[in-house]
Amino acid sequence: MPATPAWPPKSLPRLFVRRPLGEGVQVDLDANQANYLGNVMRLGVGAEVLLFDGRSGEWLARIGEAGKKRMTLGVEGKTREPESVPDVRLAFAPVKRAQTDWLVEKATELGVARLIPVMTQRTNAERVRLDRLEAIAVEAAEQCGRTALPDIAEPLKLNQLLCDRSRTLYFADEAGGTPAAEAFKPGPALIFVGPEGGFTDDERALVRAASNTVPISLGPRILRAETAALAALAAYMAIAGDWR
Ligand code: SAM
C-alpha cells in the first residue's frame with residue numbers, strides 16, 4: 001500500500017464480500033449489504049461500488065439488479081492491487097467489550113496483520129466473540145481502504161503464544177524495558193500487551209525468558225491496556241512499519 005492514501009478519497013461505498021472477485025463476476029449481496037446500499041446509501045441500478053474479497057485487491061462494480069432485500073453487482077475492473085502490510089501481529093489480553101471492540105477497529109485501521117487474543121492470569125474477559133471481532137474488522141477495513149482483513153486468531157494461552165520464536169516479541173512491560181522508539185526494528189514482529197491488571201510476576205518472568213523477547217517501555221505513564229496496544233502499534237508503524 002502506498003505511504004500516502006489517494007486524495008481526495010473516492011466517495012464510492014466499499015464493501016467486503018466473501019467470494020472471489022474478478023472481471024465479469026456477478027456478486028449477490030447479502031440482505032444487510034443490499035439494505036445498506038439501497039436504503040441507507042440510496043443507490044440503485046447503475047451505481048458504482050468498490051468491492052474487495054480480502055485476496056485479490058479492490059474492484060469497481062456496478063449495481064445490475066436491485067430488489068428490496070437483494071442486489072446483484074457486476075464486477076467491471078480492478079482498481080487496486082492487493083495491499084501489502086508490515087508483518088506485525090498484536091497479541092492482547094481481552095479487556096471489556098467496548099474497549100476490545102475499539103482496539104480491534106483501530107488496529108485494523110493501522111494495518112495490523114493478525115490479532116491474537118491471549119488469556120493471561122488477570123484477563124477478566126471470560127470469552128471472546130470472534131464473529132463479533134471479525135465484523136468490527138470488516139467494517140474498519142471497508143472504511144479505511146484496506147483490501148484485506150487482519151486474521152483474528154483463536155484465543156491462546158500464554159505458553160502457546162510463546163511457542164512461536166520466529167519473530168521478535170515486543171513485550172510491553174509496565175515495569176520497564178527499552179524505550180519503544182529505540183527497540184522497534186523492521187522484520188516480523190509480535191507486540192504483546194497485558195490486561196488491565198497487568199502481568200503477574202510469573203508471567204513476566206516467563207515472557208522475559210523467551211529468547212525472542214524484547215521488553216519495551218511505552219513511556220513514563222501507565223497506559224490503559226487498549227491505549228498501550230494502539231500506542232505500541234502506531235509507534236511500530238511509524239518507526240519500522242509502513243509509515244516509513
Ligand atoms: N495494573 C498495572 C499496574 O498498575 O502496574 C498496569 C497494567 S496496564 C493498565 C495494561 C498493560 O498495558 C500492561 O500490562 C502493559 O502491557 C501495557 N502498558 C501500560 N503502560 C505501559 C508502559 N508505560 N510501558 C509499557 N507497557 C505499558
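One-based numbering, in listed order, for ligands and for the atoms of each. Just so you know, these numbers use all the heavy atoms, side chains as well, and skip hydrogens, waters and symmetry mates. Index from 1, following the sequence.
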Check ligand 1 against [X] and write out every atom of the ligand that is under 4.0 Å from a heavy-atom position of the residue.
| X | value |
| --- | --- |
| Phe199 | 14 (O), 16 (O) |
| Ile216 | 25 (C) |
| Gly198 | 1 (N), 7 (C), 14 (O) |

What protein heavy atom is closest to [atom], reported as residue, atom name and distance in Å?
| atom | answer |
| --- | --- |
| atom 6 (C) of ligand 1 | Ile222 CG2, 3.6 Å |
| atom 5 (O) of ligand 1 | Glu174 CG, 3.5 Å |
| atom 7 (C) of ligand 1 | Glu196 O, 3.3 Å |
| atom 16 (O) of ligand 1 | Ala172 O, 2.6 Å |
| atom 11 (C) of ligand 1 | Gly194 O, 3.6 Å |
| atom 18 (N) of ligand 1 | Ala228 CB, 3.7 Å |
| atom 24 (N) of ligand 1 | Leu218 N, 2.9 Å |
| atom 20 (N) of ligand 1 | Leu223 N, 2.9 Å |

Could you tell me the separation between the CG atom of Asp242 and the CD atom of Glu83, rounded to the nearest 0.5 Å?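 Interatomic distance, Asp242 CG to Glu83 CD, rounded to 0.5 Å: 9.0 Å.
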
So how far is it from Phe192 CZ to Leu169 CG, rounded to the nearest 0.5 Å?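 So the CZ of Phe192 and the CG of Leu169 are separated by 7.5 Å.
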
Can Glu174 and Arg221 be counted as an ion pair, charged N to O under 4.0 angstrom?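 So Glu174 does not pair with Arg221 through a salt bridge.
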
Determine whether more than 12 heavy atoms belonging to other residues, nucleotides or ligands lie under 6.0 Å from atom CZ of Arg97.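 It does not: Arg97 CZ has 12 such atoms or fewer within range.
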
Give a yes or no on this: more than 12 heavy atoms of other residues, nucleotides or ligands lie within 6.0 Å of atom CG of Asp131.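 Count over threshold, so yes.
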
Ligand 1-proximal atoms of [X], by part, heavy-atom distance under 4.0 Å:
| X | answer |
| --- | --- |
| Arg221 | backbone |
| Thr227 | neither |
| Pro195 | backbone |

Could you tell me if Asp28 and Thr72 have a donor-acceptor pair between their side chains, going purely by distance under 3.5 Å?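 Yes, because at least one side-chain N or O of Thr72 sits under 3.5 Å from a partner of the opposite role on Asp28.
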
Distance-only side-chain donor-acceptor flag, Asp202 / Thr200, under 3.5 Å: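 Note: Asp202 and Thr200 side chains miss the donor-acceptor criterion.
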
When you compare ligand 1 with Gly219, is there at least one nitrogen or oxygen pair between them that comes in under 3.5 angstrom?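 For ligand 1, there is an N or O atom that lies under 3.5 Å from one belonging to Gly219.
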
Could you pull out all residues at least two apart from Asp87 that satisfy side chain to side chain contact (heavy atoms under 4.5 Å, CB included)?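 Asp87 satisfies side chain to side chain contact (heavy atoms under 4.5 Å, CB included) with Arg89, Arg167, Pro188 only.
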
Counting distance only, does the side-chain N/O of Glu105 pair as donor-acceptor with the main-chain N or O of Trp102 below 3.5 Å?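 No, because the side chain of Glu105 does not come within donor-acceptor range (under 3.5 Å) of the backbone of Trp102.
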
Starting from Leu149, walk the hydrophobic network (Ile, Leu, Val, Met, Phe, Trp, Tyr; side-chain heavy atoms closer than 4.5 Å) and list everyone else you reach, by chain and number.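 Once heavy-atom contacts under 4.5 Å are chained together, Leu149 belongs with Phe16, Phe52, Val138.
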
